[in-house]
Amino acid sequence: MATPAELDHIVIASPNLPELVDWFARLTGVAAEPGGRHPTGTQNALVALTVEGDRGRQYIELIGPHDDSLGDPLPQTFGIDRLEAPTVQTFAIRVPNIDASVEQARAVGWHTGPVGDLSRRTPEGGLLEWRLTRTDDSQPEEFQLPFLIDWGETPHPGETNGPAIELVEFVRFEPTTERAETLRRQLAAVGGGAIDVRVGGSPGFGLTLRAADGALVEILPA
C-alpha cells in the first residue's frame, strides 16, 4: 500500500469514549493515548498510524463526549448523538492551503462548509490549535466526504503520539457507480489518494489494521 500522503486522520466515534477505547484495545491490542478536550463537548484518544512500517503524519482519532458529561445531552459532532456503537464515521484530509482547497472543492460542487478554528487541551494542559472545515448548517452532513484540516505550526499528533498501529487498507463503499464516481471526482479536487472508493457492500467505511499480534483486524460498515 502506498503511503496515503493526503490522509490526516480517521475518526471512529461513539457515545461513550471510555467504552470506545476499551473496544479498540480488545480488538487490536493497542491502547489509545488520551488526547484532550474540545470546546465542542467532545474528548478524544489517539493512535498513530504506520504504513508499511513507516510512521508518518496520520492517526486514528477515537472520539466521544467529555468523560464527565454523564447525563448531559450528547454532542452532535460527527453525529455522536445518533450513534449506538463504535463507528468509523469520517476522515480528514491534510492540505497545505485550506482556503485554496475549499475553493477547488466548491468548483466541483463539494460544499465543504466554512473554515474555522478549533483547539483542544492536552492532559498536561497544553493548547493545540488548527484550522479545519466545519459543517455548514445550510448543508446536510455528508460523512462520506472528509473534512479538510491545516495544522499550521502545531505539532502533528501522528508524529507525537505514543501508541501506533499499522494501516493496511482504508475503503469507502458506495451503493452505486454514480455515487462512487461523484465521490472520486470530489476527492480529486483536493488531491485525492487518501481513500479507495469501491462500489458494493453496505455504504460506509472499511478499515483494515494489523493488530499487535500481527493478525489482520477488519472494521466494516454495519
## Note on the structure
dist Ser14:OG -> Gln89:CD (nearest 0.5 Å) comes out at 10.5 Å
### Task
Return yes if a side-chain donor-acceptor contact under 3.5 Å exists between Trp151 and Asp8, otherwise no.
yes
### Task
Could you pull out the closest heavy-atom pair between Ile80 and Pro75, with the gap in Å?
CB-O, 3.4 Å
### Task
Give the intermediate values and the outcome of side-chain contact (heavy atoms from CB on, under 4.5 Å) for residues Val47 and Tyr59.
CA-CA 6 Å; Val47 176; Tyr59 65 100; over 6 Å; no
### Message
Could you check whether any side-chain heavy atom of Ile60 comes within less than 4.5 Å of a side-chain heavy atom of Ile12, counting everything from C-beta outward?
### Response
yes
### Message
Please say yes or no: joined through hydrophobic side-chain contacts below 4.5 Å, possibly via intermediate residues, are Phe205 and Leu167 part of one cluster?
### Response
yes
### Task
May I ask you to test the Leu145-Leu183 pair for a side-chain heavy-atom distance under 4.5 Å?
yes
### Task
Please round to the nearest 0.5 Å and tell me the distance separating atom CG of Leu148 and atom OG1 of Thr112.
6.0 Å
### Query
Can you find a heavy atom in the side chain of Ile219 that is under 4.5 Å from one in the side chain of Leu27?
yes
### Task
Answer yes or no: is there a side-chain heavy-atom contact under 4.5 Å between Val102 and Thr133?
yes
### Message
Between the side chains of Glu169 and Arg198, is the shortest nitrogen-to-carboxylate-oxygen separation below 4.0 Å, so that they form an ion pair?
### Response
yes
### Task
Could you tell me whether the side chains of Glu166 and Thr50 share a donor-acceptor contact shorter than 3.5 Å?
yes
### Query
If we only count heavy atoms from C-beta on, is the Leu187 to Pro146 side-chain gap below 4.5 Å?
yes
### Summary
CG (Leu7) and CD (Gln58) are apart, to the nearest 0.5 Å, by 6.0 Å
### Message
Starting from Leu220, can I reach Trp23 by hopping between I/L/V/M/F/W/Y residues whose side chains sit under 4.5 Å apart?
### Response
no
### Arg179 and Glu181 ion-paired at < 4.0 Å
no
### Summary
So CD of Glu6 and CZ of Phe91: to nearest 0.5 Å the spacing works out to 10.5 Å
### Query
Would a distance-only check, ignoring hydrogens and angles, find a side-chain to backbone donor-acceptor pair under 3.5 Å from His66 to Gln43?
no
### Message
Checking His111 against Arg106 for the side chain to side chain donor-acceptor pair (under 3.5 Å) test, could you report, in this order, the C-alpha distance in whole Å, the side-chain angles of both residues, the deciding distance, and whether it holds?
### Response
CA-CA 6 Å; His111 299 284; Arg106 289 175 179 169; 5.5 Å; no
### Message
Do Val171 and Leu209 sit in one hydrophobic cluster, given that two such residues count as connected whenever their side-chain heavy atoms are within less than 4.5 Å of each other, even indirectly?
### Response
no
### Task
Determine whether Glu218 and Leu207 make a side-chain contact, defined as any pair of heavy atoms from C-beta on separated by less than 4.5 Å.
no
### Query
Between Thr122 and Leu127, is any pair of side-chain heavy atoms under 4.5 Å apart?
no
### Short N-O contact, Arg134 and Asp117, less than 4.0 angstrom
no
### Query
Do Pro157 and Arg120 have side-chain heavy atoms sitting under 4.5 Å apart?
yes
### Message
Rounded to the nearest 0.5 Å, what separates atom CG in Leu62 from atom CD in Glu19?
### Response
13.0 Å
